[in-house]
Amino acid sequence: MNFRTIITSIVLSLSLTSQAQATFSADSKVMLNAYDALLEEDPRDPEILFRRAGEYFKLNDYVRALDDVNNAIAFLPADDNDTRHQAIALRANILMMQHKYAQALDDITLLLNANPDSYALLYERGTAFYELGRYKEARADFNRMLRLNPRSQDATIALARVAVKENNLGTAGELADRAVSMSPQSGFIYLRRASVRSLMGSHQGAVDDYITAISLDDGSTPRALGELVALSRTNYPVVIAGLTSAISMAPKNGMFYFIRAMIAQGHCNYLAAIADYDKIINENLDSYPGLNAALAECYYNLGRYDIALINADYAISATPDNAQYYVLKSQIKRALDDNNAALAAAENALEKDSEITNGLVAKAVAQLPLGKSAEASVALSEATMVAPEDPRTAILRGWVLRDYRHQEANAVRAYERVLEMDFDFDNVNSLRGFALLSIGKKDEALNWMDKVLETANDYDGAVNYHAACLYSQAGLLDRAFRCMETSLEKGYANYHNWTRADEANLNCSPLRADARFKPLLDRYNHLFK
């Protein structure tokens with residue numbers, strides 16, 4: 001098992017700020033440009049419209065794809081049945097991806113009338129019926145699939161899901177088990193059974209299946225890890241219990257310790273994560289510089305900067321692919337008030353990767369106490385160009401422009417840019433309230449945070465930590481302390497953030513001088529030591 005694959009999968013799964021966006025390859029750009037040129041000559045060319053719709057569909061741009069395929073169907077000659085059939089099939093797929101199941105159903109049924117034994121169309125229509133809550137009709141289509149292929153795992157798993165919805169849990173379990181028995185060495189079938197078990201409310205069974213899929217290591221590992229991480233957000237104890245059980249059966253398998261540590265770290269449970277990372281290293285279960293980097297990050301978050309620095313330096317020395325490790329070292333050095341060393345480490349990171357966003361940020365915040373605010377402003381401008389949808393970078397840029405460069409208009413524009421970013425309104429990671437507070441819209445900022453607290457699943461206390469920061473920055477200390485206590489109760493163990501973080505208004509620094517702060521933090525000392 002490749003630890004780099006595991007860490008990449010988990011980090012991507014833990015990211016709460018990533019936005020689903022189409023990735024345009026060079027080939028896609030060439031194709032789209034060619035289609036655009038042809039359609040300038042004849043905007044009613046149905047063949048080109050159909051082909052461009054297919055390209056947009058591959059890029060997940062369903063709005064443009066649907067518009068093009070509708071136009072293609074409208075402009076097709078009446079006798080071109082073959083292209084019409086393909087275009088309707090594409091439109092059905094687009095509508096399914098947009099969750100417009102009733103509309104998709106019309107197209108799929110039309111296609112099935114022409115080809116009643118199409119296995120793929122039966123599956124697609126059964127899925128549409130299922131999503132519409134028409135379970136009897138879905139079951140009929142999936143059973144027709146089984147008549148075409150008695151060993152169809154697609155149909156068997158689909159029938160299991162229908163059985164759950166019809167409250168036939170025994171049947172659902174039997175069908176899901178039958179699907180697994182058809183190919184017990186395939187990790188993907190365990191993922192599918194896990195989806196049935198989750199639907200049944202059997203989260204422990206789902207966790208066991210995800211772990212089995214990871215153990216088989218047949219390409220299903222990234223998805224299984226993503227599902228484990230997602231489940232940990234709503235049922236952290238059952239995920240940890242499942243991994244602990246796997247470890248008890250394979251106590252020398254470093255992979256399971258690593259996964260458990262990464263999930264614990266993602267939930268700010270740094271002490272548990274450190275114990276697992278140490279186990280891997282001390283018992284030689286695996287060797288990977290990222291282990292020491294992860295330890296450095298955990299110790300940094302716990303405010304134990306000297307130990308963090310030792311691990312960061314080891315990680316840097318162990319591999320030339322160490323840009324992120326230099327960024328971590330820069331953050332540690334800044335926490336130790338060694339801003340010259342922090343700046344040097346950030347510059348080392350940027351020598352390795354000139355567009356590493358957090359490296360540019362680390363450089364900027366190290367430059368500020370050294371009196372280099374102009375250079376810091378440039379670094380943050382570069383960071384916002386590299387990551388234009390990163391709200392934290394935009395807020396830091398506004399802070400530097402206002403407080404250090406005295407460029408009020410530019411600062412306001414930086415904060416307003418945060419409000420234009422494509423986040424759900426109640427996503428705490430949008431930092432929308434902090435931007436609103438920065439431009440004097442206090443009531444809107446507070447309303448935003450109130451909404452976040454009402455709707456968010458604060459599974460590790462991070463949401464209430466953000467609330468404590470915002471309320472304290474707004475001068476509502478009593479409310480901030482209530483959120484601080486809730487955050488600590490939920491296990492938010494980032495001691496550095498509680499006690500040292502000081503950038504812009506993205507921190508709880510107004511609480512630290514209050515007599516209530518230290519006793520409250522001391523009451524939860526078990527989280528940090």
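Put simply, the side chain of Leu121 reaches to within 4.5 Å of the side chain of Glu124, judged on heavy atoms. In this structure, Thr393 and Pro388 have side chains that are not in contact, with every pair of non-hydrogen atoms separated by 4.5 Å or more. Side chains of Asn70 and Arg91 form a contact here, defined as non-hydrogen atoms less than 4.5 Å apart. Between Ile189 and Met182, the closest side-chain pair of non-hydrogen atoms is not below 4.5 Å. At least one side-chain heavy atom of Arg144 sits less than 4.5 Å from a side-chain heavy atom of Pro116. Between Leu95 and Asp107, the closest side-chain pair of non-hydrogen atoms falls below 4.5 Å. For the pair Asn322 and Pro289, the minimum side-chain heavy-atom distance is 4.5 Å or more. Looking at heavy atoms from C-beta onward, Met97 lies in side-chain contact with Phe57 at the 4.5 angstrom threshold.
Here the CD1-CG distance, from Ile48 to Asn71, works out to 14.0 Å after rounding to the nearest 0.5 Å. Atom CG of Asn447 is separated from atom NZ of Lys441 by 12.5 Å, given to the nearest 0.5 angstrom. Within the model, atoms OG1 of Thr83 and CG of Leu90 stand 12.0 Å from one another, a figure rounded to the nearest 0.5 Å. Atoms CG and CD, from Leu76 and Glu47 in turn, are 8.0 Å apart once rounded to the nearest 0.5 Å. Tyr210 OH to Tyr190 OH: the interatomic distance, rounded to the nearest 0.5 Å, is 15.0 Å. For the atom pair CG of Leu191 and CZ of Phe188, the computed distance is 7.0 Å after rounding to the nearest 0.5 Å.
For the residue pair Ala224 and Ile214, the shortest heavy atom distance occurs at CB-CG1, 3.7 Å. Closest heavy-atom contact between Ala414 and Ala394: CB-O, 3.7 Å. Here the shortest heavy-atom pairing between Ala349 and Ile356 reads O-CG2, 4.2 Å. Nearest heavy atoms, Arg161 versus Ser195: NH2-OG, 2.9 Å. Smallest separation of non-hydrogen atoms from Ile157 and Ala176: CD1-CA, 4.3 Å. Taking all atoms of both residues into account, the shortest heavy-atom contact from Ala293 to Ala315 is N-CB, 3.9 Å.
In this structure, Lys352 contributes its side chain and Pro320 its backbone to a donor-acceptor pair below 3.5 Å. No donor-acceptor pair under 3.5 Å is formed between the side chain of Asn497 and the backbone N or O of Asn494. Ser430 contributes a side-chain N or O that, together with a main-chain N or O of Arg432, makes up a donor-acceptor pair within less than 3.5 Å. Side-chain atoms of Thr109 do not come within 3.5 Å of backbone N or O of Asp106 as any donor-acceptor pair. A side-chain donor-acceptor contact under 3.5 Å links Gln473 to the backbone of Asn507. Listed for the Asn301 side chain is a donor-acceptor partner under 3.5 Å among the backbone atoms of Glu297. Side chain of Asn167 to main chain of Ala163: no donor-acceptor pair is present (N/O by atom type, distance under 3.5 Å, no hydrogens or angles). The backbone N or O of Arg125 lies less than 3.5 Å from no partner atom in the side chain of Tyr101, so there is not a single donor-acceptor pair. A distance-only check finds a donor-acceptor pair linking the side chain of Asp458 to the backbone of Ala462 [under 3.5 Å]. Gln153 contributes a side-chain N or O that, together with a main-chain N or O of Ala179, makes up a donor-acceptor pair within less than 3.5 Å.
A 6.0 Å sphere centred on CZ of Arg84 holds more than 12 heavy atoms belonging to other residues, nucleotides or ligands.
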Run Val30 and Asn33 through side chain to side chain contact (heavy atoms under 4.5 Å, CB included) and show every step you take.
CA-CA 5 Å; Val30 169; Asn33 288 337; 5.8 Å; no
Applying side chain to side chain donor-acceptor pair (under 3.5 Å) to Ser232 and His267, what does each step give before you reach the verdict?
CA-CA 9 Å; Ser232 74; His267 285 258; 2.9 Å; yes
What's the verdict on side chain to side chain contact (heavy atoms under 4.5 Å, CB included) for Lys165 and Leu199, showing C-alpha distance, side-chain angles and the deciding distance?
CA-CA 9 Å; Lys165 292 296 186 180; Leu199 199 61; 4.2 Å; yes
I'd like to know whether Tyr459 forms a ring pair (Phe, Tyr, Trp, His ring centres under 6.0 Å) with Tyr236, so could you lay out the CA-CA distance, the side-chain angles of the two residues, the decisive distance to 0.1 Å, and finally the verdict.
CA-CA 8 Å; Tyr459 56 88; Tyr236 177 74; 8.6 Å; no
Could you please spell out the steps behind the side chain to side chain donor-acceptor pair (under 3.5 Å) verdict for Ser381 and Arg397?
CA-CA 7 Å; Ser381 294; Arg397 182 167 178 262; 3.1 Å; yes
Run Asn358 and Gln324 through side chain to side chain donor-acceptor pair (under 3.5 Å) and show every step you take.
CA-CA 8 Å; Asn358 56 0; Gln324 287 288 0; 3.0 Å; yes
Quick one: do Leu59 and Leu32 satisfy side chain to side chain contact (heavy atoms under 4.5 Å, CB included)? Show the steps, please.
CA-CA 11 Å; Leu59 294 166; Leu32 288 172; 3.8 Å; yes
Assess the residue pair Leu436 and Tyr415 against the criterion (side chain to side chain contact (heavy atoms under 4.5 Å, CB included)); give the C-alpha distance rounded to whole Å, side-chain angles, the decisive distance to 0.1 Å, and a yes or no.
CA-CA 7 Å; Leu436 287 166; Tyr415 293 128; over 6 Å; no
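Of the charged side-chain nitrogens involved, none lies within less than 4.0 Å of a carboxylate oxygen, so that Lys100 and Glu131 do not count as a salt-bridged pair. Comment: Arg139 engages Glu166 in a salt bridge, judged by a side-chain N to carboxylate O separation of less than 4.0 angstrom. Between Glu55 and Arg52, none of the side-chain N atoms (NZ, or NE/NH1/NH2) sits under 4.0 Å from a carboxylate O, so this pair counts as no salt bridge. A salt bridge is defined here as a Lys NZ or Arg NE, NH1 or NH2 lying under 4.0 Å from an Asp or Glu carboxylate O, and Arg64 with Asp61 meets this definition. Taking the charged nitrogens against the carboxylate oxygens, Lys451 and Asp426 have no contact shorter than 4.0 Å, which rules out a salt bridge. Here Asp209 pairs with Arg197 in a salt bridge; the nearest charged N to carboxylate O distance falls below 4.0 Å. Between Arg193 and Asp177 there is a salt bridge, since a side-chain N of the basic residue sits under 4.0 Å from a carboxylate O of the acidic one.
Side chain to side chain, Gln86 and Asp82 meet the donor-acceptor criterion of an N or O pair below 3.5 Å. In this structure, a donor-acceptor pair under 3.5 Å is present between the side chains of Ser152 and Tyr119. Side-chain atoms of Thr234 and Asn457 form no donor-acceptor pair, as typed in the model, at a separation below 3.5 Å. Side-chain polar atoms of Arg417 and Thr384 form no donor-acceptor pair below 3.5 angstrom.
In this structure, Phe129 has no ring-ring contact (aromatic ring centres under 6.0 Å, His included) partners at least two apart in sequence or on a different chain.
Classification of the Tyr465-Tyr492 ring pair by plane angle, with boundaries at 30° and 60°, yields parallel. The aromatic rings of Phe142 and Tyr123 are tilted relative to each other, their planes meeting at an angle between 30° and 60°. Using cut-offs of 30° and 60° for the angle between ring planes, the Phe434 and His466 rings count as perpendicular.
For residues 147-157, the salt bridge (Lys or Arg N to Asp or Glu O under 4.0 Å) pairs, not counting sequence neighbours, are Asp154-Arg192.
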